[in-house]
Amino acid sequence: MSIDPRVASGLRDVPPSVMIPRERMLATFRETFASFGFVPIETPHIERMEVLTGKGAGSDEVLRQIFEVTNKGGEAGKLALRFDLTVPFARFVAKHVNELGTPFKRYAIGSVFRGERPAKGRFREFTQCDFDTVGTESAVADAETAQVIYASLTAAKIPAFTIAINNRKVLNGLLETIGVADQTARVLRVLDKLAKIGRDRVALELQYAEVSENLLDQFAAAQRIEVTNPQLAQELADSVERLGGLNESPFQTFMSREQADRLLDFVTSGRGGIDVLVPVETALRESESAMKGIENLRAIFDLLISAGVPESALKIDLSLARGLDYYTGVVFETTVNGWEQYGSISSGGRYDNLASLFTDRRLPGVGASIGLDRLLALMEEAGLLKGQSTTVPVLVANFPGVAPTVAFGLAARLRKAGIGAEVFPDPIQIGKQMGYGSTRGHKVAVIVGPDEAEKELFNLRDLATRQERKALPWAELERTVAEALGAGS
RNA sequence: GUGGCUGUCGCCUAGCGGUUAAGGCACCAGAUUGUGGAUCUGGAUAUCGCGGGUUCGAAUCCCGUCAGCCACCCCA
């Protein structure tokens, strides 16, 4: 009885057709990060539990998603797999900041693990590509973060994408002005869903407490709240029918309809180019926090434009809030145009104090993370990954009746000249060998039959066009092949 | 973690209570013993995700379980 070869939920194997573009993309990111002066570091996949959960005070969500690891005979609950690269980085910085000095810019690429329910583009093990700058509050570092996102995705040949930018301080100022500053965290969480669930729904959730979906539906129907979205209206009606009636409302009011509307008006009008900040600035003139935020956003835009980042790739989005609590300044979120439902492929922001759990030293920072696996899943679905399953452009045929030393020697010469080459291992029918190369994506085949071998000649076959140049001299092998590859690409 | 939908050869799909589970793509062999992706002919591949139940009889109905997807939650 053989063992079932399947993998556990949310985990997957990566075949060469994905792994090859993935490695290429990874190399591109590394190169880009390094070109901005970010240096690589690595931390363990396994951390002590208290590091990840923040002295047992970790959020319920983190505790729910964390993978505990325990060795046989070891004590349970002491170790866990990292669920992001930021917390280990904070620990790293706290431990090494004195040797490293500030500002310190590092990048880290590696697997992280979350016990989430998998869905499209969501996995339980995925690779994050993080880069952060700690020890400075400069808008230069803020802008550079967005610039690196832009440069990385562009270098990786991602089609049109948009980096949405906001500043938490603007939102905080807005909330103060409206008079709901005491509920910042909750409001931001609800606001973050605007793009996904629409204005009607967000208005409801802003007004009323965190109740179950069904109760919220019931309530909306009972209040005959005007619903402009027909799909939402249908959903609400269905829920009430499903529940067979309405119960007494257990809702707690958080803000008035007027407050919610005002908030949403602001946020929805605050989307677009840098110009959307003008009316916002007027309206929030009283708020010192908002003014700081706006100033920061303007500085970032100026810097990005001066660096040649096109305005079309950037947008201000005051509804962008992010779920995580630790961002305190600018926040970024990047989506591929037309693939917004896939969620963010890169996000990040500024935090006042990264390592406060681990050291008394105050370390402000800014950084972002690119979600490699989600990006690749998206590109695969969009048909943007070339069906290539080889890492070399040249296949050297192993001709029946010719000593294998010939093919072996020629391939070695090609490699020495910097041209990747592979020898077919078995002297089988030459047609089969061509098929192997063709389906795997080799560009050309070098073929030496008995006649050619005798005269030290070779044939060069283009596997895509099936054109073959015959009787070329071995002496010019490297040059001929290099030319053929250069012309083909 | 909650609710819902789905699960049939390697891939996509038909069958939706009744004799050998059908087709396409891919794969293998031959037509074609110095040249592949076309065409033709033939072939192999499925205990219908897994386990249990109902029934004379289950891919088909029910329960459980695993996995995927969707909506929450959260997020890359």
Side-chain angles (χ1 to χ4, degrees), chain A residues 4-12 15 59-65 83-86 109-130 149 189-190 192-193 196-197 201 205 210-217 231 235 238-239 242-243 321-325 332-336 341-348 368-378 387 395 397-402 424 427-442 445-453 459-468 470:
Chain A
D4 191 344
R6 71 204 161 88
V7 297
S9 175
L11 308 175
R12 68 258 160 77
S59 72
D60 291 348
E61 194 53 38
V62 168
L63 291 175
R64 199 188 89 193
Q65 294 194 355
F83 64 87
D84 70 8
L85 297 176
T86 307
I109 293 170
S111 285
V112 302
F113 303 84
R114 294 183 194 174
E116 282 191 295
R117 200 172 255 200
K120 189 173 290 221
R122 305 183 70 167
F123 313 103
R124 291 185 142 184
E125 176 184 8
F126 60 97
T127 300
Q128 286 195 321
C129 310
D130 269 38
I149 295 174
R189 198 161 355 99
V190 176
D192 205 32
K193 299 193 245 179
K196 207 167 185 179
I197 66 178
R201 195 103 183 191
E205 290 198 26
E210 297 171 48
V211 295
S212 77
E213 202 64 16
N214 284 344
L215 288 174
L216 196 60
D217 291 346
Q231 196 185 335
E235 270 175 41
D238 287 350
S239 321
R242 195 167 60 237
L243 290 160
R322 308 280 309 120
L324 286 173
D325 288 334
F332 307 103
E333 191 151 300
T334 308
T335 49
V336 176
Q341 79 283 2
Y342 244 87
S344 169
I345 51 156
S346 170
S347 53
S369 178
I370 299 175
L372 184 71
D373 301 272
R374 182 172 285 183
L375 194 51
L376 281 164
L378 185 160
L395 175 69
N398 188 344
F399 213 99
V402 176
F424 196 89
I428 60 169
Q429 262 186 55
I430 210 70
K432 301 250 175 269
Q433 300 190 33
M434 295 302 102
Y436 169 88
S438 176
T439 55
R440 249 153 264 247
H442 293 79
V446 169
I447 303 164
V448 181
D451 300 344
E452 287 85 7
N459 295 344
L460 185 63
R461 185 176 181 85
D462 185 312
L463 287 167
T465 63
R466 299 177 136 192
Q467 300 292 312
E468 190 163 320
K470 296 191 186 273

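A note on names: the letters A, B, ... follow the listed sequences, proteins ahead of strands, and every chain is numbered from 1.
Only the C1' atoms considered, A26(B) is 22 Å distant from G15(B), to the nearest whole Å. One P atom belongs to C63(B), the other to G4(B), and the distance between them is 11 Å to the nearest Å. Taking atom P in both C48(B) and C11(B), one finds a spacing of 16 Å when rounded to whole Å. With both ends at atom P, the span from U20(B) to G53(B) equals 22 Å, rounded to whole Å. With both ends at atom C1', the span from G3(B) to C73(B) equals 12 Å, rounded to whole Å. Taking atom C1' in both U54(B) and C61(B), the straight-line distance is 8 Å, to the nearest Å. The separation of G49(B) from C27(B), taken at their P atoms, amounts to 26 Å, rounded to a whole angstrom. Annotation: U47(B) and A21(B) have their C1' atoms spaced 12 Å apart (nearest Å).
Under the side chain to side chain contact (heavy atoms under 4.5 Å, CB included) criterion, Q128(A) pairs with D84(A), L85(A), V112(A), R114(A), F126(A), D130(A), S369(A), sequence neighbours left out. Not counting sequence neighbours, F113(A) has no partner by the ring-ring contact (aromatic ring centres under 6.0 Å, His included) test. Under the rule for a salt bridge (charged side-chain N to carboxylate O under 4.0 Å, His left out), the partners of R122(A) that lie at least two apart in sequence or sit in another chain are E116(A). With sequence neighbours excluded, the residues forming a salt bridge (charged side-chain N to carboxylate O under 4.0 Å, His left out) with R12(A) are D373(A), listed by chain and number. A search for salt bridge (charged side-chain N to carboxylate O under 4.0 Å, His left out) contacts involving K470(A) returns E468(A), not counting sequence neighbours. Annotation: side chain to side chain donor-acceptor pair (under 3.5 Å) contacts of S9(A) (sequence neighbours excluded): none. Checked against side chain to side chain donor-acceptor pair (under 3.5 Å), N398(A) has no partners two or more places apart in sequence or in another chain.
Protein atom CD of Q433(A) is 21 Å distant from nucleotide atom P of U32(B), rounded to whole Å. With rounding to whole Å, R440(A) atom CZ is found 13 Å from A26(B) atom C1'. Look at OH on Y342(A): it is 17 Å from P on A76(B), rounded to the nearest Å. Between the CZ atom of F332(A) and the P atom of C75(B) there is a distance of 18 Å, given to the nearest Å.
Between S347(A) and A76(B) there is a side-chain N or O to OP1 or OP2 distance below 4.0 Å.
Mapping G115(A) and Q467(A) onto RNA chain B by nearest heavy atom places G115(A) at the nucleotide closer to the 5' end.
Separating the CD1 atom in I345(A) from the CD atom in E333(A) is a distance of 10.5 Å, to the nearest 0.5 Å.
At a cut-off of 3.5 angstrom, counting only N and O atoms as typed in the model, there is no donor on one side facing an acceptor on the other between the side-chain of E125(A) and the base of A76(B).
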Short N/O separations, protein against nucleotides 33-35 of chain B, under 3.5 angstrom:
from	atom 1	to	atom 2	distance (Å)
G34(B)	O6	D451(A)	N	3.3
G34(B)	O6	D451(A)	OD1	3.4
G34(B)	O6	D451(A)	OD2	2.5
G34(B)	N1	E452(A)	OE1	2.8
G34(B)	N1	E452(A)	OE2	3.1
G34(B)	N2	E452(A)	OE2	3.1
G34(B)	N2	N459(A)	ND2	3.0
U35(B)	O2	R461(A)	NE	3.2
U35(B)	O2	R461(A)	NH1	2.8
U35(B)	O2	E468(A)	OE1	3.0
U35(B)	N3	E468(A)	OE1	2.9
U35(B)	N3	E468(A)	OE2	3.1
U35(B)	O4	N459(A)	ND2	3.4
U35(B)	O4	E468(A)	OE2	2.9

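Within the 3.5 Å criterion, the main-chain N or O of G121(A) finds a donor-acceptor partner in the side chain of R374(A).
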- Base, backbone or nothing for each nucleotide of nucleotides 64-69 of chain B, written B, S, -, heavy atoms under 4.0 angstrom, 5' to 3'? --SSSS

- Dot-bracket for RNA chain B, 5' to 3', with Watson-Crick and G-U pairs under 3.5 Å, [ ] for crossing pairs and | for other-strand pairs: what is it? ((((((((.[[[[.)..(...]]]].(((((.......))))).....[[[[[..)....]]]]])))))))....

